[in-house]
Amino acid sequence: MADQIREEESHGITVEAPAILRSEPSRPATRAEEIAAALEDEIVQGELAPGQRLDEQVLGKRFQVSRTPVREALRLLGASGLVTLEPRLGAIVARPTVSEIFDLFELVGEMEAVAARLACERMGDADRERIMATHDACRVAGRSGDAEAYIERNDAFHAAIHIASENRALRDQIQLLNKRLAPYRRFITFRPERKQAAEQEHEVLARALLKGDADAAARAMKEHVKMLAEDAFVLARSLRL
């Protein structure tokens with residue numbers, strides 16, 4: 001957690017530390033920020049489920065700290081939208097409504113489309129090679145049957161596009177939104193039929209990106225995220241969110 005960034009050798013792509021640890025790179029993370037980053041990872045990975053209560057006393061014992069840094073960590077997570085702080089109930093892993101999930105997917109789809117458009121206009125040779133490599137790795141992982149490897153490669157492919165956009169503010173906002181949607185994205189992505197559809201969507205997207213067709217790339221990206229949103233909508237309704 002202490003490292004600001006690390007090089008993901010298998011993807012040839014830089015993977016960033018949680019946003020909570022990147023707010024002020026010139027200083028070491030506080031204990032509250034370290035706790036928040038650990039809980040953020042568990043929420044994103046689905047280890048802490050939507051609606052799960054985060055008990056301050058239990059967390060204090062787990063991290064061997066007083067309630068003060070735990071409360072600050074939960075406040076940080078609340079500010080990012082990953083946790084909701086409710087009177088009398090305390091901190092709960094965010095459990096958005098069906099409408100909120102759809103709204104978030106709609107917004108991230110628009111932002112991802114902007115990233116794809118900018119990538120077409122700004123990518124250099126290194127970006128092009130990274131997009132090709134991560135796309136190939138994603139395709140291989142999709143056919144391997146390893147769900148965890150597939151979602152990791154999928155994230156790397158999208159991250160390569162974000163990097164090629166050369167817009168750090170856009171990348172940060174997409175990352176934040178994707179973290180809020182992570183539990184639903186992971187469940188959908190693990191479905192075999194979704195992986196097959198995503199492979200075809202990625203193929204169309206990669207082709208447009210490598211041709212430098214900004215309009216086609218933006219459309220392909222928007223359509224790709226829209227399909228995820230529709231699947232998430234069905235999932236959310238089945239979970240009675």
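Every heavy atom of this structure was used, including side-chain atoms; hydrogens, water molecules and symmetry mates were not.
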State, yes or no, whether a side-chain contact exists between Asn154 and His202 at a heavy-atom distance under 4.5 Å. yes
Would you check if His158 and His224 make a side-chain contact, meaning some heavy-atom pair closer than 4.5 Å? yes
In terms of the angle between their ring planes, are His135 and Phe157 parallel, tilted or perpendicular, with boundaries placed at 30° and 60°? tilted
Determine whether Phe63 and Arg31 make a side-chain contact, defined as any pair of heavy atoms from C-beta on separated by less than 4.5 Å. yes
Are Glu199 and Arg139 ion-paired here, with the side-chain N under 4.0 Å from a carboxylate O? no
Kindly work out whether a path of hydrophobic side-chain contacts (I/L/V/M/F/W/Y, heavy atoms less than 4.5 Å apart) joins Leu177 to Val44. no
Quick one: do Lys179 and Ile43 satisfy side chain to side chain contact (heavy atoms under 4.5 Å, CB included)? Show the steps, please. CA-CA 8 Å; Lys179 283 177 180 176; Ile43 293 170; over 6 Å; no
Could you state whether Met227 and Leu181 fall into the same hydrophobic cluster, counting links through intermediate Ile, Leu, Val, Met, Phe, Trp or Tyr residues with side-chain heavy atoms under 4.5 angstrom apart? no
Ion pair check, Arg168 and Asp172, cut-off under 4.0 Å: yes
If you group Ile, Leu, Val, Met, Phe, Trp and Tyr by side-chain heavy-atom gaps below 4.5 Å, do Ile131 and Val204 land in one group? no
Any side-chain heavy atom of Arg128 within less than 4.5 Å of one from Leu210? yes
For Arg153 and Ala141 the tightest heavy-atom approach is CG-CB, 3.7 Å
Measuring only between side-chain heavy atoms, which start at C-beta, is Leu39 closer than 4.5 Å to Arg62? yes
Side-chain heavy-atom pair Ile161, Met221 within 4.5 angstrom cut-off: yes
Are Leu104 and Ile92 connected in the hydrophobic side-chain network, where two residues link if heavy atoms are under 4.5 Å apart? no
Is the closest basic N to carboxylate O distance between Arg95 and Glu86 below 4.0 Å? no
Pairwise distance CG(Asp155) to CD1(Ile151) - rounded to 0.5 angstrom: 5.5 Å
So Glu72 and Arg75, side chain to side chain contact (heavy atoms under 4.5 Å, CB included) or not? Walk me through it. CA-CA 5 Å; Glu72 176 61 16; Arg75 186 192 66 78; 2.6 Å; yes
When you look at Ile35 and Leu59, which way does the side chain to side chain contact (heavy atoms under 4.5 Å, CB included) test go after all the steps? CA-CA 9 Å; Ile35 294 169; Leu59 290 174; 5.8 Å; no
Any side-chain heavy atom of Asp215 within less than 4.5 Å of one from Arg117? yes
Please name the pair of heavy atoms, one in Ala73 and one in Ala32, separated by the smallest distance, quoted to 0.1 Å. CB-O, 3.3 Å
Stepwise side chain to side chain contact (heavy atoms under 4.5 Å, CB included) check, Glu112 with His162: CA-CA 8 Å; Glu112 289 262 23; His162 304 160; 2.7 Å; yes
Would you mind checking if Lys222 and Glu110 are paired as a salt bridge, meaning a charged N to carboxylate O distance below 4.0 Å? yes
